[in-house]
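Worksheet for the structure shown next.
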There are 2 protein chains.
Amino acid sequence: MSLKHAILVQLETEPSSGYDLLQHFKSGLGYFWNAKHQQIYQQLKTLSEQKLISLSLEKQKGRPDKKTYQITKLGTEELKHWLTNPVKPHKINDALLVKVYGGHLIDQENLQNELMLHKKTHKKILQDLLNMERTFLESPPQTQEKYKLPYLTLRRGILGEQAWLTWAKEALEMLKK
Amino acid sequence: MSLKHAILVQLETEPSSGYDLLQHFKSGLGYFWNAKHQQIYQQLKTLSEQKLISLSLEKQKGRPDKKTYQITKLGTEELKHWLTNPVKPHKINDALLVKVYGGHLIDQENLQNELMLHKKTHKKILQDLLNMERTFLESPPQTQEKYKLPYLTLRRGILGEQAWLTWAKEALEMLKK
DNA sequence: AGTCTATATTCAAAAAATTGCATACACTGA
DNA sequence: TCAGTGTATGCAATTTTTTGAATATAGACT
């Protein structure tokens with residue numbers, strides 16, 4: 001169960017509110033760990049009860065108050081413990097590929113159109129990731145050294161998206177034949 | 001909810017028992033749709049109740065009897081309906097990347113070792129996929145034409161694994177610095 | 001004032017996945 | 001005969017994910 005640890009990892013980077021975390025899960029962390037806001041808040045409550053994180057209320061100007069959480073010593077220990085133990089390879093559930101597998105049952109143009117839609121999405125994602133990479137590579141060397149591991153997750157995203165687009169091109173060519 | 005459709009797609013290809021399906025989910029379909037035997041049997045029961053599949057009991061020599069399911073007309077219609085509607089991009093929950101993101105907290109050798117373990121796994125998967133590809137490409141042209149869409153799912157797997165291994169190489173090099 | 005949007009959080013229910021456990025048939029080898 | 005392995009199926013509980021719904025603060029605009 002790694003949502004807990006994804007949250008702890010992010011809180012270890014900087015204290016955050018539920019909403020801040022949600023933004024991170026829409027970008028950054030979210031490229032490799034999907035989480036819904038209900039999950040995040042629920043998990044924050046649990047982590048707080050377990051004393052792995054602590055809570056402080058923060059008043060904001062022009063915005064509602066927010067609850068800021070930060071990781072505790074206990075939380076950091078729990079996180080380190082998890083980090084030292086091996087995880088299993090992630091499992092894939094890709095409905096698009098199920099559709100491709102059974103695609104002979106439908107009109108090939110429909111399949112092509114859908115592939116092109118997904119291609120568009122993936123192009124956007126790749127663009128976003130490349131922008132993030134450019135920003136990172138323009139940052140000072142100590143920043144680059146500090147964040148070299150998060151950068152690796154970015155590289156994984158980029159290489160994965162590029163592979164996907166290579167495949168999509170191939171697939172569309174085959175479908176046109 | 002695509003387990004249902006993954007099962008229907010496979011049953012459309014050929015009638016199968018729960019056990020047969022399980023083997024398919026360990027290979028072939030399983031590279032892009034993960035399913036546990038409990039899920040499969042449960043889903044077969046539901047699909048049968050819904051008349052999307054029909055059941056026949058088959059006696060075997062030297063083995064226990066098996067229940068063979070085949071897709072019904074209604075099932076084929078349901079499947080086609082699903083196939084014509086767009087699906088969302090699949091979501092990623094990759095614990096390894098969460099670990100890489102927070103990897104500065106642990107001994108870098110531990111992280112390297114784990115990456116190398118995963119690398120080994122991915123190499124094996126790629127090998128399996130390439131073997132499957134070779135077999136496919138050695139098959140008669142009409143077979144290749146018939147299964148060109150399932151072949152596309154294989155190609156996706158191969159390109160994805162290759163991208164993963166490229167990344168792993170890059171990551172290990174960075175970790176060694 | 002009301003509507004819309006953004007920020008911020010919460011509760012609840014349903015669906016799906018995972019884990020644990022179990023049973024039965026059949027064969028093989030000690 | 002028993003233990004181990006493979007084939008074959010099933011039930012139940014727990015955990016995780018998804019979906020739906022809602023509330024509150026605050027600002028901007030009509």
Side-chain angles (χ1 to χ4, degrees), chain A residues 1-8 11 15-27 29-30 32-50 53 55-69 82 87-95 98, chain B residues 1-8 11 15-27 29-30 32-50 53 55-69 82 87-95 98:
Chain A
M1 209 290 263
S2 303
L3 173 60
K4 167 178 169 180
H5 301 106
I7 287 175
L8 288 177
L11 286 181
S16 312
S17 66
Y19 192 80
D20 292 332
L21 283 171
L22 184 58
Q23 302 318 302
H24 284 294
F25 278 105
K26 284 186 180 176
S27 167
L29 214 55
F32 53 90
W33 199 273
N34 177 56
K36 303 284 198 292
H37 80 262
Q38 297 93 331
Q39 282 177 283
I40 293 168
Y41 287 110
Q42 185 60 240
Q43 192 58 240
L44 285 174
K45 183 177 174 186
T46 302
L47 290 172
S48 184
E49 285 164 357
Q50 294 173 344
I53 61 177
L55 161 69
S56 58
L57 202 57
E58 213 174 295
K59 287 188 176 302
Q60 297 192 98
K61 274 197 189 296
R63 299 172 170 191
D65 297 352
K66 74 177 169 185
K67 295 181 173 179
T68 300
Y69 295 89
W82 179 75
V87 293
K88 294 183 186 172
H90 85 100
K91 297 297 186 182
I92 298 170
N93 282 345
D94 189 340
V98 176
Chain B
M1 208 294 264
S2 302
L3 174 60
K4 169 177 168 179
H5 300 106
I7 287 174
L8 288 178
L11 286 181
S16 313
S17 66
Y19 193 79
D20 294 331
L21 283 171
L22 184 59
Q23 304 317 302
H24 283 292
F25 278 105
K26 284 185 181 176
S27 168
L29 215 53
F32 53 90
W33 199 273
N34 178 56
K36 303 283 197 288
H37 83 262
Q38 296 92 331
Q39 282 175 284
I40 294 168
Y41 288 109
Q42 184 60 236
Q43 193 57 241
L44 285 174
K45 183 177 174 184
T46 301
L47 290 172
S48 184
E49 286 165 355
Q50 293 172 342
I53 60 178
L55 162 67
S56 59
L57 202 56
E58 214 173 291
K59 286 189 178 298
Q60 298 191 94
K61 273 196 190 295
R63 298 172 170 190
D65 298 352
K66 74 181 175 185
K67 295 181 171 178
T68 302
Y69 296 88
W82 179 75
V87 291
K88 295 181 184 172
H90 85 99
K91 297 296 187 184
I92 298 169
N93 281 346
D94 189 339
V98 175

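Since we're looking at a predicted model, the values are computed, not measured. The chains referred to below are lettered A, B, ... by the order of the sequence lines, with proteins before strands, and numbering in each begins at 1.
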Original post:
When rounded to the nearest 0.5 angstrom, what is the spacing between CG in A:Asn93 and NZ in B:Lys91?
Top reply: 14.0 Å
Original post:
Once you round to the nearest 0.5 Å, how far does CG of A:Leu57 lie from NZ of A:Lys66?
Top reply: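 NZ of A:Lys66 is found 11.0 Å from CG of A:Leu57.
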**OP:** Output yes when a side-chain donor or acceptor of A:Gln39 lies under 3.5 Å from a complementary backbone atom of A:Lys36, and no otherwise.
**Re:**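 Present.
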Original post:
Does A:Ser2 use its side chain to pair, donor to acceptor, with the backbone of A:His5 at less than 3.5 Å?
Top reply: no
Just compare [options] and give me whichever is closest to any side-chain atom of [X].
X       : options               : answer
A:Tyr41 : D:dT9, D:dA24, C:dT10 : C:dT10
B:Lys66 : D:dA24, D:dT9, C:dT9  : D:dT9
A:Pro64 : D:dT7, D:dT25, C:dT19 : D:dT25

**OP:** Please tell me which of B:Gln23 and A:Ala35 maps to the more 5' nucleotide of DNA chain D, matching each residue to the nucleotide holding its nearest heavy atom.
**Re:** B:Gln23
Round to a whole Å and report the spacing from [atom1] of [X] to [atom2] of [N].
X       : N      : atom1 : atom2 : answer
A:Gln39 : C:dC11 : CD    : P     : 16 Å
A:Leu3  : C:dA17 : CG    : P     : 17 Å
A:Leu21 : C:dT10 : CG    : C1'   : 16 Å
A:Asn34 : D:dT16 : CG    : C1'   : 12 Å
A:Ile40 : D:dT19 : CD1   : P     : 15 Å
B:Lys36 : D:dG10 : NZ    : P     : 19 Å
B:Gln60 : C:dA26 : CD    : P     : 10 Å
A:Asp20 : C:dT9  : CG    : C1'   : 13 Å

Original post:
When we call it a touch if two heavy atoms are under 4.0 Å apart, what does B:Asn93 touch: a base, just sugar-phosphate, or nothing?
Top reply: sugar-phosphate
Subject >> Close side-chain approach of A:Trp82 to B:Val98, heavy-atom, < 4.5 Å >> reply: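 Yes. Closest side-chain heavy atoms under 4.5 Å.
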Subject >> salt bridge (Lys or Arg N to Asp or Glu O under 4.0 Å) involving B:Lys61 - partner list, sequence neighbours excluded >> reply: none
Between the protein and nucleotides 20-22 of chain C, list the N/O to N/O atom pairs that are separated by less than 3.5 angstrom.
from, atom 1, to, atom 2, distance (Å)
C:dG20, N7, B:Gln38, NE2, 3.4
C:dG20, O6, B:Gln38, NE2, 2.5

**OP:** Tell me, please, which residues at least two apart from B:Tyr69 pass ring pair (Phe, Tyr, Trp, His ring centres under 6.0 Å).
**Re:**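 Per chain and number, B:Tyr69 pairs via ring pair (Phe, Tyr, Trp, His ring centres under 6.0 Å) with no residue.
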Original post:
Closer than 4.0 Å, any side-chain N/O of B:Lys67 to the OP1 or OP2 of D:dG10?
Top reply: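 Answer yes for this pair, as a side-chain N or O of B:Lys67 is under 4.0 Å from OP1 or OP2.
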